[in-house]
Amino acid sequence: MNETVRVRFAPSPTGFLHLGGARTALFNWAFARKYGGVFVLRIEDTDLARSTEESVQVILESLRWLGLLWDEGPEVGGPYGPYFQSQRLHLYREYAERLLEKGLAYECFCTPEELKERKERVIAQGKSWRYDRRCLHLSAREREAFRREGRKPALRFRIPEGTTTFVDMLRGDVTFDNSELDDFVILKSDGMPTYNFACVVDDALMRITHVIRGDDHISNTPRQVLLYEAFGFPCPQFAHIPMILGKDRTRLSKRHGSPSVTYYRDMGYLPEAMVNYLARLSWATGEEEKEIFTREEIIERFSLEQVTKHAAIFDLDKLNWMNGVYLRAADPERLAEILIDILKRQGKVTEKDLTPEFFAYCRRVMALMRDRIRYVAQILEEAEYFFTEHYEYDPQAVESVLFEEKVPEILRTSYELLKDLEPFDAQTIEKAIRAEAERRGLKAAQFIHPLRVAVSGKKVGPGLFELLEVLGKERVLARIARTLGFLERG
Ligand code: GLU
């Protein structure tokens with residue numbers, strides 16, 4: 001490619017960053033990085049009622065978390081700013097007036113109520129509604145009369161006759177009959193631009209070369225192409241990428257696992273796993289066996305031609321599997337930080353708990369648990385005992401393990417044995433317990449099972465000796481004592 005590739009991600013800040021949006025951003029980012037291009041972030045916030053600053057922040061945070069850093073846009077600036085549409089209203093007005101002057105746009109004084117009434121009438125006749133061009137040929141005097149009535153005009157783009165064709169990088173030629181399009185509003189009566197219009201003005205002024213976006217926009221594209229032609233702007237190339245749906249092929253929603261990027265961050269998924277998963281969702285790499293792609297491999301191998309056209313299906317189990325692969329390879333130090341963020345967010349620790357010892361403890365917990373979990377927060381769901389002394393005893397474990405006759409004696413013996421044991425590491429603990437069991441003519445399992453229930457409340461978990469080491473002597477002794485108390489109380 002000769003000219004510098006310039007792509008953009010253009011979210012509307014009306015909520016969190018959706019997985020579908022994240023994948024659109026990812027494909028744009030990968031495409032820009034692959035061709036040494038520029039990745040622009042533009043905030044499409046002309047819907048003042050629905051856009052919020054909070055949502056802008058969530059979107060920026062989500063992109064940063066995924067590592068999809070933009071070269072131009074909010075906070076970093078750039079030569080084609082501002083990058084918030086709400087700060088570009090003067091440009092939309094200026095460009096709309098150009099079309100008006102050229103006779104390619106016209107003022108429309110129809111009120112929403114009038115339009116609604118006419119539309120209902122047409123639909124009642126079994127026909128489909130398009131704007132009926134009532135205002136196309138108004139005389140200057142008629143326009144003036146409307147103004148005097150206090151009506152403010154919207155501007156409509158006049159759709160020419162014929163057909164409109166654009167090349168989609170996934171689909172080849174896509175042709176629309178212009179008769180399917182109506183004279184759409186470009187500037188509303190309150191002076192705000194509509195999406196199609198602002199998008200074209202911005203993509204042109206920002207020198208965007210490739211528009212990569214969700215295929216839910218495919219029907220907008222002919223309208224946009226006609227605007228490029230009306231302005232005499234060079235038309236970018238288009239790639240409409242498929243939607244991400246749930247397993248039941250409906251729009252992705254909470255039922256399928258959360259659709260929001262921050263949810264995954266907050267649950268302790270790793271951003272590189274998310275990026276890998278999202279990249280693989282509609283990208284047929286040609287190597288079906290290979291699932292794990294680093295960021296560099298994605299950049300190097302990514303190609304729009306390999307993006308499939310059918311909708312992608314979000315599969316939480318597969319994401320979990322993939323995240324597990326990344327967790328097992330991750331540095332426990334980093335996982336400890338993620339864990340601490342989760343503990344903080346869930347109110348399970350406060351600033352004063354965050355000592356170097358606590359950090360070291362979390363690191364040991366993660367080293368022990370990272371190959372048993374699929375996302376970091378799962379520890380709190382399945383092994384909360386690492387972070388509370390008020391863990392509950394699984395009733396079934398109490399019944400089948402703790403109520404064995406010899407258990408109080410075994411726990412008392414273990415307490416005495418472990419109290420003076422040094423160093424308190426898995427190997428030393430294992431040796432001591434096995435030797436003690438043998439001395440008493442018992443099986444090692446007769447110590448192992450009750451000890452596990454005593455310190456965790458559960459029958460299953462990581463290897464007992466490693467678990468005791470990670471919990472540390474103080475916790476282990478306190479928990480054995482607590483369990484003895486529990487058994488005495490019956
Ligand atoms: N703001 C639009 C959206 O979020 C952008 C679509 C586009 O990329 O043109 O759907």
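Quick caveat, the model's predicted, so the values are computed rather than measured. Numbering of ligands and ligand atoms starts at 1, following listing order.
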Any pair with a residue in residues 212-228 that passes salt bridge (charged side-chain N to carboxylate O under 4.0 Å, His left out), sequence neighbours left out, goes on the list, sorted by first then second residue, please. R171-D215
Strictly under 6.0 Å, is that where the ring centroids of F157 and F197 end up? no
Closest approach of any protein heavy atom to atom 5 (C) of ligand 1, naming residue and atom: A10 O, 3.1 Å
Side chain of R42, backbone of Q85: donor and acceptor closer than 3.5 Å? no
I'd like to check which ligand 1 atoms, numbered from 1 as shown, lie under 4.0 Å from a non-hydrogen atom of C199. 9 (O)
Atom 1 (N) of ligand 1 [closest protein heavy-atom partner, distance rounded to 0.1 Å]: E44 OE1, 2.6 Å
Nearest protein heavy-atom contact for atom 8 (O) of ligand 1: which residue, which atom, what distance? R8 NH1, 2.7 Å
Under 4.0 Å from one or more heavy atoms of H217, ligand 1 contributes atoms 3 (C), 6 (C), 10 (O)
Looking at ligand 1, does Y195 have a heavy atom less than 4.0 Å from it? yes
Ring-face cation of R23 near F27 (centre distance under 6.0 Å, axis angle within 45°): yes
Between R364 and Y361, is NZ or CZ placed under 6.0 angstrom from the six-membered ring centre and within 45° of the ring axis? no
